[in-house]
K.L.:
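Sharing a structure, written as structure tokens. Questions coming.
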Amino acid sequence: VPHYLTFPKLNSDAFIIDYKKVHEELTSYYASQERGTEYGNKLLKKFKSANDKMISYMVKEFEMKKAAEQYARASTSKTGKLDLSKVHTYKYNDDLFAKVTTLPGATNHGMVIFLDWSGSMWNNLEGTVKQLYNLLWFCQRVKIPFEVYAFSDHYRRAGYENGNIDYYQKPRVNDLAIEGLHLLNFFSSNMSTNEFNEAMVKFHTMVGTVTHRQSYYCHDDRPFLSCPRGYDLYGTPLDTAILVAMDVLPKFKSETGVQKVNTIFLTDGESQAIDWYIDIPTDEYDDREY
């Protein structure tokens, strides 16, 4: 039997864990770990050095395509001034005026990336984040705004641990129930250079802990590191993230002033199901704020 459901009106700000909050929590965790990010930093530098040529190629292709689009939309018009190099042809040439070619401004681009932070990604996460790094370094080189959100249903905020489910909306019958999602804002073009570089090191170290566990840090005299609390891989709220992205993307476009938003989902798919409201027990929600 088909069910006809409606998208609830959402405020995506309620789902986003700002990069400053993420950076603060990871900094606090790794500050207490001896040599915590040393090995992750070493591997990240090695990877970046090996991919410099790839980034340069991506930048070159982008600039060439952007220039081609400009010339395709170029317009030519007369200036109203005589072209002195054509004056001697006045007897057989009516077009003696100089011309000017106008190139329209290049389209402003932006990029929003959603990263699958679920348990099924552990075997592919290292390769996936390497794709992510190349995209981020590309964005920095061509100076376009970007945001990276990892969608997770495991992160817990203060006040969430009492077992209640946060639905983020006023319940209505036949509404999709948007719950159990947090968007971890690991990277942003609003970061300073130092913030970005430090975030990369902490993030890469954390990727190592969630994909290799003890084997990643327990040899060659490296200390064991567990994953920071709340940042482990768990469920796959992919469909929920797509729904919330419908509010994230227009806000990003408005805040940055870009004309074209490139949206990328780095995921292995297989989203968990989304619940919906069949009945609303009124006494349960009378005193809640929405």
Side-chain angles (χ1 to χ4, degrees), residues 12-27 37 40 44 47-48 51 54-55 58-59 62 109-118 121-122 124-155 181-211 227-228 230-234 236-238 240-256 258 260-269:
S12 58
D13 293 342
F15 299 84
I16 295 173
I17 312 301
D18 185 76
Y19 73 85
K20 293 183 179 179
K21 176 66 173 176
V22 172
H23 184 68
E24 176 187 329
E25 291 181 346
L26 295 185
T27 297
T37 60
L44 184 62
F47 176 75
K48 184 175 183 180
N51 281 265
M54 173 63 73
I55 304 302
M58 292 169 64
V59 171
F62 176 78
H109 292 258
M111 189 176 293
V112 180
I113 302 172
F114 294 89
L115 175 64
D116 189 341
W117 204 248
S118 66
M121 286 287 290
W122 77 269
N124 300 308
L125 191 59
E126 281 191 306
T128 302
V129 299
K130 288 178 180 179
Q131 298 178 52
L132 171 65
Y133 297 158
N134 283 337
L135 290 171
L136 295 181
W137 289 325
F138 163 77
C139 288
Q140 287 188 319
R141 290 277 290 274
V142 297
K143 301 186 185 312
I144 64 176
F146 61 86
E147 297 289 345
V148 176
Y149 300 105
F151 51 91
S152 167
D153 67 349
H154 185 60
Y155 183 89
L181 171 72
H182 294 95
L183 297 177
L184 305 174
N185 188 200
F186 281 118
F187 302 104
S188 170
S189 54
N190 293 320
M191 288 176 162
S192 67
T193 301
N194 287 338
E195 284 178 328
F196 179 83
N197 292 336
E198 290 179 10
M200 288 281 283
V201 172
K202 294 181 179 67
F203 179 78
H204 195 67
T205 301
M206 182 170 61
V207 168
T209 64
V210 299
T211 55
C227 183
Y231 287 87
D232 211 339
L233 306 179
Y234 208 70
T236 313
L238 172 60
T240 310
I242 293 173
L243 292 179
V244 176
M246 296 170 65
D247 186 67
V248 172
L249 299 177
K251 286 182 177 178
F252 174 81
K253 186 174 183 179
S254 175
E255 291 170 359
T256 60
V258 299
K260 184 177 292 187
V261 179
N262 299 276
T263 308
I264 299 173
F265 280 82
L266 299 175
T267 176
D268 60 358

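This structure is a prediction, so every number in the text was calculated from the model and none was measured.
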K.L.:
Between Trp117 and Phe186, how do the two ring planes meet: parallel, tilted or perpendicular, split at 30° and 60°?
P.N.:
tilted

K.L.:
Please round to the nearest 0.5 Å and tell me the distance separating atom CD of Gln140 and atom CG of Leu135.
P.N.:
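Those atoms lie 12.0 Å apart.
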
K.L.:
Can you name the one residue among Val142, Val258, Asn262 that meets side chain to side chain contact (heavy atoms under 4.5 Å, CB included) with His109?
P.N.:
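One option only clears the test, and that one is Asn262.
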
K.L.:
Would Asn194 and Ser192 count as having a side-chain donor-acceptor pair, cut-off 3.5 Å?
P.N.:
no

K.L.:
Contact between Leu266 and Ile264 at the side-chain level, heavy atoms closer than 4.5 Å - yes or no?
P.N.:
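A side-chain contact under 4.5 Å exists here.
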
K.L.:
Assess the residue pair Asn190 and Glu195 against the criterion (side chain to side chain contact (heavy atoms under 4.5 Å, CB included)); give the C-alpha distance rounded to whole Å, side-chain angles, the decisive distance to 0.1 Å, and a yes or no.
P.N.:
CA-CA 9 Å; Asn190 293 320; Glu195 284 178 328; over 6 Å; no

K.L.:
Phe151 and Phe114: aromatic ring centres closer than 6.0 Å?
P.N.:
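Not under 6.0 Å, so no.
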
K.L.:
Are Ile113 and Met111 side-chain neighbours, meaning at least one heavy-atom pair lies under 4.5 Å?
P.N.:
yes

K.L.:
So, does Thr267 use its side chain to make a donor-acceptor pair with the main chain of Gly269 at under 3.5 Å?
P.N.:
yes

K.L.:
Heavy-atom distance under 4.5 Å between the side chains of His182 and Asp153, does that happen here?
P.N.:
no

K.L.:
Ignoring hydrogens and angles, state whether a donor on the side chain of Glu24 or Tyr19 is under 3.5 Å from an acceptor on the partner side chain.
P.N.:
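Short answer, no.
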
K.L.:
Indicate the atoms forming the closest heavy-atom contact of Phe15 with Leu181, along with that distance.
P.N.:
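Smallest heavy-atom distance, with atoms named: CD2-O, 3.6 Å.
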
K.L.:
Evaluate the side-chain proximity of Asp18 to Val22: yes if any heavy-atom separation is below 4.5 Å, no if none is.
P.N.:
no

K.L.:
In Å and rounded to the nearest 0.5 Å, what is the CE to CD distance from Met191 to Glu198?
P.N.:
10.0 Å

K.L.:
How many angstroms lie between CG in Asp268 and OG1 in Thr128, if you round to the nearest 0.5 Å?
P.N.:
8.0 Å

K.L.:
Val261 and Phe252: side chain to side chain contact (heavy atoms under 4.5 Å, CB included), yes or no, with the steps?
P.N.:
CA-CA 8 Å; Val261 179; Phe252 174 81; 4.0 Å; yes

K.L.:
Would Leu115 and Leu132 satisfy side chain to side chain contact (heavy atoms under 4.5 Å, CB included), going step by step from the backbone distance to the final call?
P.N.:
CA-CA 9 Å; Leu115 175 64; Leu132 171 65; 4.2 Å; yes

K.L.:
Considering all heavy atoms of both residues, which atom of Ala245 and which atom of Phe265 are nearest to each other, and what is their separation?
P.N.:
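Closest approach of Ala245 to Phe265: CB-CZ, 4.4 Å.
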
K.L.:
Counting distance only, does the side-chain N/O of Ser118 pair as donor-acceptor with the main-chain N or O of Thr236 below 3.5 Å?
P.N.:
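No; zero donor-acceptor contacts below 3.5 Å.
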
K.L.:
Do Val59 and Phe138 pass the side chain to side chain contact (heavy atoms under 4.5 Å, CB included) test, and can you show the C-alpha distance, the side-chain angles, and the key distance before you say yes or no?
P.N.:
CA-CA 6 Å; Val59 171; Phe138 163 77; 4.0 Å; yes

K.L.:
To the closest 0.5 Å, what do you measure between CG (Leu184) and CD1 (Ile16)?
P.N.:
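So the gap between those two atoms works out to 10.5 Å.
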
K.L.:
Which value, rounded to the nearest 0.5 Å, describes the distance between His23 atom NE2 and Asn185 atom CG?
P.N.:
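The distance works out to 12.5 Å.
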
K.L.:
Taking Leu233's backbone N and O only, do any of them form a donor-acceptor pair with Trp122's side chain (distance below 3.5 Å, no angle check)?
P.N.:
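Between the backbone of Leu233 and the side chain of Trp122 there is no qualifying donor-acceptor contact (under 3.5 Å).
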
K.L.:
What's the shortest heavy-atom distance between Pro145 and Ser189, and which atoms?
P.N.:
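For Pro145 versus Ser189, the nearest heavy atoms are CA-OG, 3.4 Å.
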
K.L.:
If the plane angle is over 60° it's perpendicular, under 30° parallel, otherwise tilted; pick one for Phe203 and Phe187.
P.N.:
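Rings of Phe203 and Phe187: perpendicular, as their planes differ by over 60°.
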
K.L.:
Could you tell me whether the side chain of Cys227 reaches within less than 4.5 Å of the side chain of Met206, counting heavy atoms only?
P.N.:
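Heavy-atom side-chain distance check passes, below 4.5 Å.
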
K.L.:
Are Leu238 and Asp116 close enough that some pair of their side-chain heavy atoms sits under 4.5 Å apart?
P.N.:
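No, their side chains stay 4.5 Å or more apart.
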
K.L.:
Consider only side-chain N and O atoms of His204 and Tyr133, and report whether a donor and an acceptor are under 3.5 Å apart.
P.N.:
yes

K.L.:
Over all heavy atoms of both residues, which pair between Trp137 and Met200 is shortest? Give the atoms and the distance, please.
P.N.:
CZ2-CE, 3.3 Å

K.L.:
Do Ile17 and Leu183 have side chains that get closer than 4.5 Å, going by heavy atoms?
P.N.:
no

K.L.:
Provide the full list of salt bridge (charged side-chain N to carboxylate O under 4.0 Å, His left out) pairs with a residue in residues 240-254, sequence neighbours left out, each pair given once.
P.N.:
Asp13-Lys251, Asp247-Lys251

